[in-house]
Amino acid sequence: MKLNEVAKICNGKDYKNFGEGKFPVYGSGGIMTYINSFAYDKPSVLIPRKGSLNNLYYVDKPFWTVDTIFYTKINTKIILPKFFYYYLKTLRLETLNKAGGVPSLTQTILNKIKIPVPSLEEQQRIVNILDRFDKLCNDIICGLPAEIKLQQQQYEYYRDKLLSFKELQIK
C-alpha cells in the first residue's frame with residue numbers, strides 16, 4: 001500500500017503562543033521545549049520535513065510539532081504505529097531529499113512510499129522482536145550499555161591487578 005493509504009501526514013505549527021507545560025514540542029532535531037497544549041494524542045511517527053531527515057520519532061503520548069517536522073495520523077485498523085515506525089526507519093528517508101541547501105521532504109514524496117502491510121498479528125510479531133532488540137541495544141539497565149559498563153569494570157579490575165607490583169619478599 002502507499003503511505004497515504006495507511007497514514008495521513010499532518011503539518012506542525014508554531015507553539016509560541018502557548019504557555020509552559022508538560023507536552024513536548026518536537027522539531028526535526030528532537031524535543032525543543034514543553035508547552036501546555038498538544039496537537040495530537042495518539043501514537044504517531046514524526047517525520048522531519050527539513051534538516052535531519054533521518055531523525056524519525058515514535059511518540060505514543062500527547063505532543064506538539066513545529067513546522068520542520070510532520071506528524072502522522074495512523075490507521076490502526078490497517079497498520080500498527082510501531083510497525084510503521086520501524087519500516088520507515090529502514091527507508092533512509094534522507095535519500096529522498098529534493099532540496100539543494102537544507103535537506104527537505106514533501107508530503108507528495110512521502111505519500112508515494114510503498115509500505116508492506118502484513119496481517120496485524122504478523123506486524124505485532126515483528127514489532128515484538130524489534131522492541132526486544134532495541135531494548136538490548138539501547139536500554140541502559142539491561143542492554144549493551146550495561147554490558148559495556150560491566151566489561152569496563154572487569155577490564156579495570158584486571159588491569160589494576162596486573163599493574164600492581166608488590167615487592168617481592170626475599171627469604
Which residue, L53, I113, T106, forms the side chain to side chain contact (heavy atoms under 4.5 Å, CB included) with L96?
->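 Of the listed residues L53, I113, T106, the side chain to side chain contact (heavy atoms under 4.5 Å, CB included) partner of L96 is I113.
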What residue among T76, L56, I74, N75 forms side chain to side chain contact (heavy atoms under 4.5 Å, CB included) with F84?
->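 It is I74, the one option of T76, L56, I74, N75 that forms the side chain to side chain contact (heavy atoms under 4.5 Å, CB included) with F84.
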Side-chain heavy atoms under 4.5 angstrom apart, residues restricted to Ile, Leu, Val, Met, Phe, Trp, Tyr: same cluster for [X] and [Y]?
| X | Y | result |
| --- | --- | --- |
| L3 | Y58 | yes |
| L105 | Y87 | yes |
| I126 | L91 | yes |

Are V66 and K13 close enough, and set up right, to give a side-chain contact (heavy atoms from CB on, under 4.5 Å), and what steps lead you there?
-> CA-CA 5 Å; V66 298; K13 299 177 195 154; over 6 Å; no
Would F18 and W64 count as a close aromatic pair, with their ring centres under 6.0 Å?
-> yes
Is any side-chain heavy atom of [X] closer than 4.5 Å to a side-chain heavy atom of [Y]?
| X | Y | answer |
| --- | --- | --- |
| Q154 | Q151 | yes |
| L46 | F70 | no |
| I31 | V25 | no |
| I47 | I69 | no |

Which atom names give the shortest non-hydrogen contact between Y34 and G21, and what distance separates them?
->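 Shortest heavy-atom separation between Y34 and G21 comes out as CB-O, 3.0 Å.
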Heavy-atom closest pair (P62 atom, P24 atom, distance to 0.1 Å) is O-CD, 3.5 Å
Q152, CD atom: more than 12 neighbouring heavy atoms under 6.0 Å =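 Count over threshold, so yes.
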Counting N and O atoms only, with roles assigned by atom type, does the side chain of [X] sit under 3.5 Å from a partner on the main chain of [Y], one being a donor and the other an acceptor?
| X | Y | answer |
| --- | --- | --- |
| Q123 | F83 | no |
| D67 | G12 | no |
| T72 | V45 | yes |
| E5 | K2 | yes |
| N111 | Q107 | yes |

Please go through F133's hydrophobic cluster and name the other residues, only I, L, V, M, F, W, Y counting, with side-chain heavy atoms under 4.5 Å joining them.
-> none
Tracing side-chain contacts under 4.5 Å among Ile, Leu, Val, Met, Phe, Trp and Tyr outward from F23 reaches F38
Verdict with reasoning, T65 to N11, per side-chain contact (heavy atoms from CB on, under 4.5 Å) | CA-CA 8 Å; T65 58; N11 293 316; over 6 Å; no
With the threshold set at 4.0 Å, does a side-chain nitrogen-carboxylate oxygen contact exist between R125 and E122?
->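 Yes, charged N to carboxylate O under 4.0 Å.
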Does D131 come within less than 4.0 Å of K82, counting only side-chain N to carboxylate O?
-> yes
Would you please test E20 and N36 for side-chain contact (heavy atoms from CB on, under 4.5 Å) and show each step?
-> CA-CA 6 Å; E20 270 189 49; N36 61 3; over 6 Å; no
Working to the nearest 0.5 angstrom, can you tell me the gap between [X] [atom1] and [Y] [atom2]?
| X | Y | atom1 | atom2 | value |
| --- | --- | --- | --- | --- |
| Y71 | C10 | OH | SG | 4.0 Å |
| I9 | R49 | CD1 | CZ | 12.0 Å |
| I115 | I78 | CD1 | CD1 | 11.5 Å |
| D134 | I129 | CG | CD1 | 13.5 Å |
| L88 | N54 | CG | CG | 12.5 Å |
| K22 | I35 | NZ | CD1 | 12.5 Å |

Relative to the ring of Y57, is the ring of Y26 parallel (under 30°), tilted (30 to 60°) or perpendicular (over 60°)?
-> tilted
